[in-house]
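This report concerns only the one structure given below.
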Amino acid sequence: MSRHLIEDELAEGRLLQPFGPELADGAFFLAYPESCRSDPTILPLRDWVMELPRRLSESSS
């Protein structure tokens with residue numbers, strides 16, 4: 001994952017980066033089966049990914 005996408009979580013200690021490699025900034029896809037759309041283990045990750053564009057635009061302003 002691009003470090004830029006997770007730098008806040010790393011700085012706050014909510015995520016750790018145990019190893020590399022880091023990917024270049026750019027588009028990525030979150031793919032999961034349609035049957036898992038409401039899976040409580042996927043929802044927090046999906047919500048986080050969907051929130052990224054807003055957070056990134058705020059941090060670049």
Side-chain angles (χ1 to χ4, degrees):
M1 172 167 280
S2 168
R3 187 175 181 90
H4 181 72
L5 296 176
I6 58 170
E7 61 190 13
D8 291 344
E9 288 80 3
L10 289 169
E12 294 168 5
R14 292 186 290 142
L15 286 178
L16 299 175
Q17 183 177 2
F19 53 85
E22 293 181 20
L23 302 176
D25 287 341
F28 64 94
F29 298 89
L30 176 63
Y32 51 89
E34 179 77 26
S35 62
C36 295
R37 186 180 189 120
S38 298
D39 187 320
T41 60
I42 291 178
L43 290 174
L45 177 61
R46 188 188 72 196
D47 292 347
W48 179 78
V49 168
M50 297 301 288
E51 180 69 16
L52 282 174
R54 185 193 62 79
R55 289 180 41 209
L56 291 175
S57 69
E58 287 177 358
S59 69
S60 65
S61 325

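Residues: numbered from 1 along the sequence shown.
With rounding to the nearest 0.5 Å, the separation of OH in Y32 from OG1 in T41 is 11.0 Å. One distance of note links CZ of R37 with CG of L43; it measures 10.0 Å at 0.5 Å rounding.
Here the side chains of L45 and L30 are in contact, with some heavy-atom distance below 4.5 Å.
The salt bridge (charged side-chain N to carboxylate O under 4.0 Å, His left out) pairs that include a residue from residues 38-51 are E51-R54, where partners are two or more places apart or lie in different chains.
With sequence neighbours excluded, the residues that form a side-chain contact (heavy atoms from CB on, under 4.5 Å) with P33 are S35, C36. Remark: R14 engages E9, E12 in a salt bridge (charged side-chain N to carboxylate O under 4.0 Å, His left out) (not counting sequence neighbours).
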